[in-house]
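What follows is a single structure, written as structure tokens, with notes after it.
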Amino acid sequence: NNEQKALFIIFGGTGDLAKRKLYPSLFRLYQKGYLQNKFAVIGTARREWSDEHYRNVVKESIKDLYLSEKVADDFVSHFYYQAHHVSDVEHYKTLQKLADELDKKYALCGNRLFYLAMSPRFFGEISRYLKTENIVTDHGYNRLIIEKPFGRDLASAQILNKEIEKYFPEESVFRIDHYLGKEMIQNISAIRFGNNIFSALWNNRYIDNIQITLSEALGVEERAGYYETAGALRDMVQNHILQIVALLTMNAPISFNDVDIRREKISALKALKVYSTPEEINENFVRGQYAGLGDMKGYREEKDTAEDSNIETFVAGKLYVDNMNFSDVPIYIRTGKRMAVKTTRIDIVFKQVPTNIFKDSGMQANMLTINVDPQEGLNLRINAKEVKPGFHTESINLSHLHDIETKENIPEAYEKLLLDALLGDATNFTHWEEVNYSWRFVDAIRHVWDLEPADFPNYLPGTMGPKCSDELLAKDGNHWEFNP
Ligand code: NAD
């Protein structure tokens with residue numbers, strides 16, 4: 001019996017994230033038996049809603065998932081709504097009463113998960129009231145799940161963390177990075193540590209370079225207001241990309257548990273070479289902003305953006321993890337909006353054989369590709385004999401794609417992360433020290449970029465970014481392996 005007992009309190013229960021991700025994920029956990037009778041959800045937000053209205057909203061959000069009305073109705077009967085304003089202490093008092101009532105009614109053993117699906121500026125205040133108004137219990141667990149972004153630079157992240165840590169110890173804070181919930185990102189560890197052929201070669205003696213691409217085909221859409229204060233470096237590099245870098249370059253953990261894995265990830269991020277001078281930064285990082293084309297608006301023409309905006313919608317960079325196994329391996333990263341395709345993929349490019357006895361000029365380096373999105377699978381490029389008279393080599397691909405049925409059954413990132421939080425497994429959540437080292441790296445670049453206006457816009461929609469991104473690799477005699 002997998003049944004978990006817990007009360008979820010979702011702050012921001014009327015929001016986009018709650019409706020699109022959290023309710024469907026909770027329902028899937030219900031269908032799989034992780035949630036049965038002993039759970040309840042309190043949704044809070046500013047609007048005055050009745051429980052009945054809230055239950056209808058939740059039911060609507062899972063309408064593609066249920067086959068039976070009765071199952072859906074049973075599920076939503078566990079949902080309660082509480083109008084709430086973040087800084088109104090009375091609201092926390094009513095919340096506390098309701099929470100205790102539901103705890104009794106459903107026999108929840110004092111277990112609570114507080115999900116902050118709201119603007120980060122409220123995180124500190126909510127954590128404080130949860131503690132001072134006794135909404136945290138003393139006879140079960142109390143876990144705080146928080147959404148990104150965690151700060152907008154190191155200084156603000158530190159302030160936020162100090163505030164939260166007064167009320168919630170680090171081991172009870174679950175910082176969401178939904179990339180860590182993706183199947184193929186979790187697969188990195190299985191590939192690295194479950195295969196002797198890869199674990200033996202996973203170092204600077206055999207790897208030539210690593211390439212990470214997180215490209216989006218869409219523009220900023222309705223998020224321009226937020227994006228103007230963020231940019232691609234903060235939005236994608238500080239969290240998702242550096243998390244992937246850590247998983248790719250960390251040393252083998254002693255065992256596969258959250259404490260050991262996060263210890264190694266922290267070490268990898270600590271070993272990240274921080275660029276400090278403007279020269280170093282300009283040598284190793286480039287930025288871009290998309291222009292308009294036809295009826296597609298350029299970034300500066302989007303609603304809520306400045307007409308001379310200096311915000312980057314594209315970043316490419318070369319970074320180094322200076323630990324024993326990875327020093328001297330360039331790790332190229334790129335991410336951007338309005339690019340040719342939407343994709344997330346990792347290419348591990350191995351060194352060529354020490355000497356090419358075949359005298360074939362076109363022999364390619366071995367490459368392991370981890371396809372994260374939208375395809376999910378692996379590809380290993382190797383050299384083999386071409387099936388022809390004479391003796392020539394050719395590159396062939398050993399390829400595995402999750403089939404459609406497997407893919408359909410892959411739990412959604414949020415479902416996996418919510419289950420992990422229920423089970424108290426923090427492996428796929430970011431530890432404060434990871435956030436700390438990531439901001440330290442990103443801040444140095446941000447600082448220089450904020451002072452120097454860029455020559456924007458500099459790339460067309462439907463391309464893989466500005467020319468300077470290709471030049472960054474060409475300087476080293478390399479090229480982006482993924483070139484759609
Ligand atoms: P949203 O704007 O759709 O919802 C915000 C919620 O906060 C609403 O329920 C609103 O009623 C409530 N709220 C706002 N001010 C309040 C106040 N003063 N008192 C009480 N309640 C208040 O936002 P969202 O898109 O759901 O995002 C929530 C969080 O999740 C943010 O931190 C965001 O960065 C993060 N996030 C969202 C997504 C997504 O897909 N939407 C993805 C990743 C991260």
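In each ligand, atom 1 is the first atom listed, and ligand 1 is the first ligand listed. This one's a predicted model, so the numbers in the text were calculated from it and none came from an experiment. Scope of the values below: all heavy atoms of this structure, side chains included, with no hydrogens, waters or symmetry mates.
Residue-environment remark: CD1 (I404) stays at or below the threshold of 12 foreign heavy atoms within 6.0 Å.
When each atom of ligand 1 is checked for a heavy atom of T14 under 4.0 Å away, the hits are 8 (C), 9 (O), 10 (C), 11 (O).
The residue from D16, I10, D177 that puts a heavy atom closest to atom 25 (O) of ligand 1 is D16.
Neither the backbone nor the side chain of F11 has any atom closer than 4.0 Å to an atom of ligand 1 (non-hydrogen atoms only). In M118, the parts holding a heavy atom less than 4.0 Å from any atom of ligand 1 are both the side chain and the backbone. At a 4.0 Å heavy-atom cut-off, ligand 1 touches R20 through the side chain alone.
The aromatic rings of W49 and Y54 are tilted relative to each other, their planes meeting at an angle between 30° and 60°.
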Run the side-chain donor-acceptor check on residues 408-415: report pairs under 3.5 Å with partners two or more places apart or on a different chain.
from	atom 1	to	atom 2	distance (Å)
N409	ND2	E405	O	3.2
E412	OE2	K21	NZ	3.1
Y414	OH	E147	OE2	2.9
E415	OE2	K32	NZ	2.6

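Protein non-hydrogen atoms do not reach within 4.0 Å of atom 2 (O) of ligand 1.
Closest to atom 42 (C) of ligand 1 among all protein heavy atoms lies L17 CD1, 3.8 Å. In terms of protein heavy-atom proximity, atom 15 (N) of ligand 1 is closest to R46 CZ, 3.3 Å. Nearest to atom 20 (C) of ligand 1 among the protein's heavy atoms is H84 O, 3.2 Å.
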